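Note that the structure is predicted; figures quoted are calculated from it, not measured. Below, chain A is the first sequence line, B the second, and so on; all start at residue 1.
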Amino acid sequence: MKFHATILIELKEGILDPQGRAVEGVLKGLGYAVEQVRVGRVLEMELEAESEAQAKETALAIAGALANPVMEVYTLEALKPLQEVL
Amino acid sequence: MKVAVIVFPGSNCDRDTQWALEHSGCKAELVWHTEGNLQGYGAVLVPGGFSYGDYLRAGALAKFSPIMAEVKRLANQGYPVVGICNGFQILTEAGLLPGALLANTNLHYTCKDVFLRVERTDLPFTSAYQPGQILQLPIAHGEGRYYADEATLHQLEEGRQVVFRYVEHQGHGGNPNGSLADIAGIVNQRGNVLGMMPHPERAVEDALGSVDGRGLFESLKRALEIVA
């Protein structure tokens, strides 16, 4: 079975995010009442797996390998059979 | 003994590093990152550049290269291992050094000379320097802000693992990227794995504007002679 996974990688809370600061500054300049902006990264991938549980395990293992635990946290945002996404 | 200079797709300081080593009397060979073996090499240099185009994060993908298992083996056996700029990022990503390198506070790719203070001269990379010596070396990076959590930082300071610190000198320099504790370079606890953001290989002859990088390669040469 094919699955579609969405992984979100973000800087840990409390670590200065200059990219977020820059975006925040621009948004404020545009007049939006924005308090704080953080910039993360989304990884979308298609996986082959026997079951949803196995797909989840693989997706989390990949996320764990790609994120840097010193400065980042990751979450599996979504996991669906591929045909539901297409 | 020969020094291995690891070449990843995107390394661009490999030849400069090889040249700087040879200029200081070391034998140095370029080793492609898919090579499985570092047998016969007495030290490893992970040069600067943009391994895998810095995709995902600087240094993040290089840690999966086959050669990294060998780099780890040598590091664990106590051989000198040096990571410069992207090489430093790779060594932290691979877990050979603590902490991480984040985007510069000002978000600018910064390419200029900075000043560093040598905090330790009892290492295989710094024996040719004087304690407290101020070096002028170039930096060229967008992700050089050293970060570690408080406990790790405390450990680094307690264990005298900060080797180079950015300083102001004659009204110039200072911390160029927002690194915690002005850290420009660190070693592991054992003292055989060094990571630094500035480029010593770009400061080894007068024509380059500074010769302050030479000491690092000369120190390494001494260390290798003692081993041999």
Side-chain angles (χ1 to χ4, degrees), chain A residues 3-30 32 34-49 55-79, chain B residues 51-65 68-69 83 86 88-110 141-156 161 175-181 183 186 188 195:
Chain A
F3 291 89
H4 183 271
T6 308
I7 292 161
L8 177 64
I9 298 180
E10 298 166 284
L11 275 182
K12 279 181 182 171
E13 199 69 38
I15 293 183
L16 173 68
D17 174 13
Q19 233 181 324
R21 282 261 175 97
V23 175
E24 179 190 318
V26 169
L27 291 177
K28 280 180 175 162
L30 289 169
Y32 291 106
V34 176
E35 281 301 320
Q36 203 202 25
V37 180
R38 312 272 296 169
V39 175
R41 191 176 287 251
V42 170
L43 277 72
E44 304 230 23
M45 56 187 74
E46 287 172 18
L47 303 164
E48 182 77 49
K56 187 178 174 182
E57 196 181 316
T58 305
L60 284 171
I62 290 171
L66 294 180
N68 181 332
V70 176
M71 57 178 168
E72 293 171 332
V73 288
Y74 60 86
T75 29
L76 181 58
E77 284 287 293
L79 182 72
Chain B
S51 55
Y52 293 89
D54 274 357
Y55 296 133
L56 189 64
R57 272 187 322 276
L61 297 178
K63 75 170 171 216
F64 300 113
S65 281
M68 287 310 291
N86 193 237
F88 186 13
Q89 293 159 340
I90 293 169
L91 294 182
T92 59
E93 287 284 344
L96 283 169
L97 286 170
L101 282 312
L102 288 119
N104 297 347
T105 318
N106 62 13
L107 277 180
H108 289 245
Y109 184 92
T110 308
H141 61 245
E143 293 172 50
R145 173 168 49 116
Y146 184 77
Y147 169 83
D149 61 34
E150 241 171 79
T152 307
L153 265 188
H154 182 74
Q155 220 170 28
L156 286 176
Q161 287 174 252
N175 188 332
N177 50 32
S179 280
L180 291 180
I183 288 171
I186 56 166
N188 62 346

Undergrad: Can you confirm whether A:E57 is buried at CD, in the sense that more than 12 heavy atoms of other residues, nucleotides or ligands lie under 6.0 Å from that atom?
TA: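 Atom CD in A:E57 is not crowded, with 12 or fewer foreign heavy atoms closer than 6.0 Å.
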Undergrad: Check each atom of B:L180 against the heavy atoms of chain A and say whether the ones under 4.5 Å are side chain, backbone, both or neither.
TA: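 Neither part.
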Undergrad: To the nearest 0.5 Å, how far apart are CG in A:L66 and NZ in B:K63?
TA: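 Nearest 0.5 Å value for the CG-NZ distance: 7.5 Å.
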Undergrad: Hey, could you give me the CG/CG distance between A:L16 and B:L102, rounded to the nearest 0.5 Å?
TA: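 Taking CG in A:L16 and CG in B:L102, the distance rounds to 8.5 Å.
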Undergrad: In terms of heavy-atom proximity below 4.5 Å to chain B, should A:Q19 be classed as side chain, backbone, both, or neither?
TA: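 Both parts, backbone and side chain.
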Undergrad: Once salt bridge (Lys or Arg N to Asp or Glu O under 4.0 Å) is applied, what residue pairs with a partner in residues 95-106 of chain B remain, sequence neighbours excluded?
TA: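 Residue pairs passing salt bridge (Lys or Arg N to Asp or Glu O under 4.0 Å), neighbours aside: none found.
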Undergrad: Among B:G178, B:A103, B:G99, B:A60, single out the residue with the greatest number of heavy-atom pairs under 4.5 Å to chain A.
TA: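 Going by pairs under 4.5 Å, I would pick B:G99.
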Undergrad: With a 4.5 angstrom heavy-atom cut-off, could you sort out which part of B:N104 is near chain A: side chain, backbone, both or neither?
TA: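 B:N104 touches chain A through backbone heavy atoms alone.
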Undergrad: Where does A:I15 contact chain B at under 4.5 Å (heavy atoms): side chain, backbone, both or neither?
TA: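 Side chain only.
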Undergrad: Do you know the tightest heavy-atom contact between A:A22 and B:L107?
TA: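 Heavy-atom minimum between the residues: CB-CD1, 3.7 Å.
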Undergrad: Determine whether more than 12 heavy atoms belonging to other residues, nucleotides or ligands lie under 6.0 Å from atom OH of B:Y55.
TA: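 Check fails, neighbour count at 12 or below.
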Undergrad: Atom CZ in B:R57, atom CE in A:M71: separation rounded to 0.5 Å?
TA: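 Interatomic distance, B:R57 CZ to A:M71 CE, rounded to 0.5 Å: 4.5 Å.
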Undergrad: Using the side chain to side chain donor-acceptor pair (under 3.5 Å) rule, collect all pairs that involve residues 35-44 of chain A, keeping only residues at least two apart or in two chains.
TA: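 Non-adjacent pairs meeting side chain to side chain donor-acceptor pair (under 3.5 Å): A:H4-A:E44.
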